[in-house]
**Student:** 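Attaching a single structure in structure tokens format; questions to follow.
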Amino acid sequence: MPEGHTLFRLAREQQAAFAGREVHVTSPQGRFAGQAEMLDGRVLDDVTSYGKHLFAAFGPDVVHVHLGLYGTFTSGTGLPPEPRGALRMRWEGPGEDGEGVWTDLRGATACELITDGEVQLILDRLGPDPLRKRSDPAKAFARISRSRVAIGALLMDQAVLAGVGNVYRAEILFRQRLSPFRPGKDVAAEEWAAMWADLVVLMRAGVKAGRIVTTERADRERRRGPALRDDAHYVYRRTGLPCRICGTEVRTEVMVGRNLFWCPTCQAV
DNA sequence: TAGAAATGTTTAG
DNA sequence: TAAACCTTTCTAT
């Protein structure tokens, strides 16, 4: 489930559960075994995220995690379950009240030990993240407004904008009634301002809800109870179904190697 | 039980 | 542009 909101939420949860205390670090699968041994028993200083990257600092040594397409963290309190499957990294700590907390990482594209300098190199090649307060949307627009590449492709480029993935790409373009095929240079400053503001709202809502919900209806229902799962998106994965606004069949096409979903009527230009 | 698909990135050609 | 990487989950047979 990894777009930027997932990492933001994970960093916050792990910070609360483990930071400031010693962590028992293991790698039952073995792929992170050497590094786990080196970190085992040390105090975790803090956990932060930027875009889709997670950084956990143990003094000068930083665990860098990128979940990729299939990576997941699972966590709980009390005793951790018997390790099963390919368990790359496990953390165990005393938790707030000494009852015990644990978290397991599987399937990540990156789980590596890096230095502060290497963290900086990663941050340097990322565009502004709508979830970070200090992010400057003008930096993204400077690139977008100079590019002939389609806006649907630019939104997926982490050097332009950090944290947006395939779901937010499809949904933000629909909500702004913008064709994914419009060249970046033809996106007006006001259109970009509206898109950024909406991304901030949607991604914050994603952090809060723990999943991506972009429809007004799902929003309303969330206040009364859990939204219907298939009500959460306007176009993402709704190929061939009627558009929720105009009834036209939602279309799909591969753009930058990923399935793009859009309504050809609502998002005509 | 097998196969496909999945919210992603990097490297090779 | 395509393939590789890596794991889980859902669907079809």
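Each chain gets a letter, A, B and so on, in the order the sequences are listed, and its residues count up from 1. Here the structure is a predicted model, which means the values were calculated and not measured.
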**Student:** Measuring only the P atom in each nucleotide, how far is B/dT10 from C/dT8? A whole number of Å is fine.
**Tutor:** 23 Å
**Student:** Does A/L79, at its CG atom, have more than 12 non-hydrogen atoms belonging to other residues, nucleotides or ligands within less than 6.0 Å?
**Tutor:** no
**Student:** Considering only distance and modelled atom types, tabulate donor-acceptor pairs under 3.5 Å from the side chains of residues 247-265 of chain A, sequence neighbours left out.
**Tutor:**
residue, atom, partner, partner atom, Å
A/T248, OG1, A/T265, OG1, 2.7
A/T252, OG1, A/L260, O, 3.0

**Student:** In whole Å, measure the gap between the P atoms of C/dT11 and B/dT7 for me.
**Tutor:** 15 Å
**Student:** Strictly under 3.5 Å: I want the nitrogen or oxygen pairs between protein and nucleotides 7-11 of chain C, one per line.
**Tutor:**
residue, atom, partner, partner atom, Å
C/dT7, OP1, A/Q29, NE2, 2.8
C/dT8, OP1, A/R106, NE, 3.1

**Student:** Out of A/Y168, A/Y236, A/Y234, which one pairs with A/F174 under the ring-ring contact (aromatic ring centres under 6.0 Å, His included) rule?
**Tutor:** A/Y234
**Student:** Taking only nitrogen or oxygen atoms into account, show me every contact under 3.5 Å that the protein makes with nucleotides 9-13 of chain B, one pair per line with its distance.
**Tutor:**
residue, atom, partner, partner atom, Å
B/dT9, OP2, A/K52, NZ, 3.3
B/dT10, OP1, A/R125, NH2, 3.1

**Student:** Hey, does the side chain of A/N259 come within less than 4.0 Å of B/dA6's phosphate (OP1/OP2), counting only N and O?
**Tutor:** yes
**Student:** Could you identify which residues cluster with A/M156, counting Ile, Leu, Val, Met, Phe, Trp and Tyr as linked when any side-chain heavy atoms lie under 4.5 Å apart, either directly or through a chain of such contacts?
**Tutor:** none
**Student:** Which residue pairs pass the salt bridge (Lys or Arg N to Asp or Glu O under 4.0 Å) test when at least one of the two sits in residues 61-78 of chain A, sequence neighbours left out?
**Tutor:** A/R42-A/D61
**Student:** Which part of the nucleic acid does A/Y236 contact within heavy-atom distance under 4.0 Å: base, sugar-phosphate only, or nothing?
**Tutor:** sugar-phosphate
**Student:** Could you pull out all donor-acceptor pairs under 3.5 Å where a side-chain atom in residues 123-130 of chain A meets a protein atom, sequence neighbours excluded?
**Tutor:**
residue, atom, partner, partner atom, Å
A/D124, OD1, A/Q120, NE2, 3.0
A/D129, OD1, A/L131, N, 2.8
A/D129, OD2, A/G51, N, 2.8

